[in-house]
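What follows is one structure encoded as structure tokens, with my remarks underneath.
Treat the numbers as computed from the prediction; the structure is a model and nothing was measured. We name chains A, B, ... by the order of the sequence lines, and we start the count at 1 in each one.
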Number of protein chains: 2
Amino acid sequence: MKVLIVDDHPVVRAGLRALLSATGEFDVVGEAEDGATAVRLAASLRPCVVLMDLQLGSGVDGVTATRQIMALDSPPKVVVLTTYDSDADILRAVEAGATGYLLKESPPEELFAALRTAWSGEMALSPPVASRMMRRVRAPQLALSQREIEILELIAAGRSNREVSRMLFISEATVKTHLAHVYDKLGVDSRTAAVKAAVDRRLIRL
Amino acid sequence: MKVLIVDDHPVVRAGLRALLSATGEFDVVGEAEDGATAVRLAASLRPCVVLMDLQLGSGVDGVTATRQIMALDSPPKVVVLTTYDSDADILRAVEAGATGYLLKESPPEELFAALRTAWSGEMALSPPVASRMMRRVRAPQLALSQREIEILELIAAGRSNREVSRMLFISEATVKTHLAHVYDKLGVDSRTAAVKAAVDRRLIRL
DNA sequence: GCGCGGGTCATCCGAAAGGTTGATGTGCGA
DNA sequence: TCGCACATCAACCTTTCGGATGACCCGCGC
């Protein structure tokens, strides 16, 4: 199975290449350290599966790269391999077209299994990720909407309501309304407390 | 050269093992996924060098594990391999007795070189790390005082100025004065932005 | 002694944030 | 088709925050 590795850490790339190659089952046809290279190599090398880290140091991030790869002709499957299991990351990755989402804390066997599953076209989620998604559908009143997460992330980045409103092309009143809903759902009454609560519950990442 | 790998991510561990073993120069004699195991294996396996990640998921963190390993009889060298190059992390690791500090974004050759250098007893710092150290000795005025950090941590926990003032038995005016100094030092103009800046620079933890 | 940084406090004011209520439109599933 | 969640906006009001001052005390180093 032809695999393309995308990670901004050379050590991790080399490690993954060695790990996958040793099985004999996987053939690492290329490596990319940034999003642009990833898209280019995905188009030219035509791998079966792209193993994608979400945290790429500079330039295009993993989600954008995934979206661009899925826009190719007969695109490969994309399996996200990352450190964090925040709602925001998972949602964006799946929305961008990722066929799998697993954590670096997973055992290697799970990685192999996820690559096989993804290649067959099935969605491959590691247990912690799957349980997060389950909790999300079971308790939708505690979950923030994508818009609310989007706004809360900008708040967490230190932006004012006005800045957020301009960045999202909406009115300041709307930002305040969304934030009021966020405060209500998280049981807090200030932006800073909301950020902490959201980080604690892994709804966003700082 | 006998190496012990300490990292909480099985995928990274397996990758590093494959990478190091492939050189023929390094012999991975063991792996540990947490600090306690790391100390135990360092004592029983007697590796030449311990390759230590600072971010261990649960239990003892990498700095503490390093300190405990250095307290052993004829301890091995400890080389820190981590993602972040924050002042606080570097200082704590070196203070704990680490002989090397390199980033996961370094090329594999640098990793090999650092292991050799550390084994020979020399300090091995990757270039970005070394430059951070240099900047720190040149610009010590960027550091927050203990009191300022104490207040900023409460702010990061979502407390209001009034709550902080009552928790620290000082007036609200004093809290505001301290915060104004913090904003000035961090180059921001709101509490949320200050929290983000401080977390980014590892001045506080969330 | 004097300067300097740190910690403490106060006042005044404008800007920002938060609470409340109510309204409109859209999409989706029962 | 009827709700319901979501996203959008507005007006009003209170509280909080942030900026600009100025002041006092303490410990430390030159």
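- What separates CD of B:Glu150 from C1' of C:dG6 is a distance of 14 Å, to the nearest Å.
- Straight-line distance from the CD1 atom of B:Ile155 to the C1' atom of D:dT16: 11 Å, rounded to whole Å.
- Taking every side-chain heavy atom of B:Tyr183 into account, D:dG18 is the closest of D:dG18, D:dC6, C:dT8.
- Following rounding to the nearest Å, A:Leu179 (CG) and D:dT16 (C1') show an atom-to-atom distance of 15 Å.
- Distance, B:Arg166 CZ to D:dT16 C1': 13 Å, rounded to whole Å.
- Distance from the side chain of A:Thr177 is smallest for D:dC9 among the nucleotides C:dA16, C:dG6, D:dC9.
- Taking 4.0 Å as the cut-off between side-chain N and carboxylate O, A:Asp61 and A:Arg92 do not count as a salt-bridged pair.
- With rounding to the nearest 0.5 Å, the separation of CG in A:Asp85 from OH in A:Tyr101 is 7.0 Å.
- What separates CD1 of B:Ile151 from P of D:dC17 is a distance of 13 Å, to the nearest Å.
- B:Ser190 comes within 4.0 angstrom of the backbone, heavy atoms only, and of no base.
- Less than 4.0 Å separates DNA chain D from at least one heavy atom of each of the following residues of residues 167-176 of chain A: A:Ile170, A:Ser171, A:Ala173, A:Thr174.
- Residues A:Ile151 and A:Val182 are not in side-chain contact: their nearest non-hydrogen atoms beyond the backbone lie 4.5 Å or more apart.
- OP1 and OP2 of D:dC6 both lie 4.0 Å or more from every side-chain N or O belonging to A:His181.
- Residues meeting the salt bridge (Lys or Arg N to Asp or Glu O under 4.0 Å) test with B:Arg46, sequence neighbours left out: none.
- The distance from atom CZ of A:Arg191 to atom C1' of D:dG18 is 13 Å, rounded to the nearest whole Å.
- Residues B:Ile155 and B:Asn161 form a side-chain contact, since some pair of their non-hydrogen atoms from C-beta on lies under 4.5 Å apart.
- One interatomic measurement links the two molecules: CG of B:Leu154 to P of D:dC17, which rounds to 13 Å at whole-angstrom precision.
- Nearest nucleotide to the B:Arg162 side chain, out of C:dA16, D:dT16, D:dC6: D:dT16.
- Residue A:Asn161 places none of its side-chain N or O atoms closer than 4.0 Å to OP1 or OP2 of C:dA16.
- Under 4.0 angstrom from either OP1 or OP2 of D:dT8 there lies at least one side-chain N or O belonging to A:Arg147.
- The pair A:Arg147-A:Glu150 counts as a salt bridge, with a side-chain nitrogen and a carboxylate oxygen less than 4.0 angstrom apart.
- Distance A:Asp184 CG to C:dG19 C1': 11 Å, rounded to the nearest Å.
- Expressed to the nearest 0.5 Å, how far CG of A:Leu81 lies from NE2 of B:His9 amounts to 9.0 Å.
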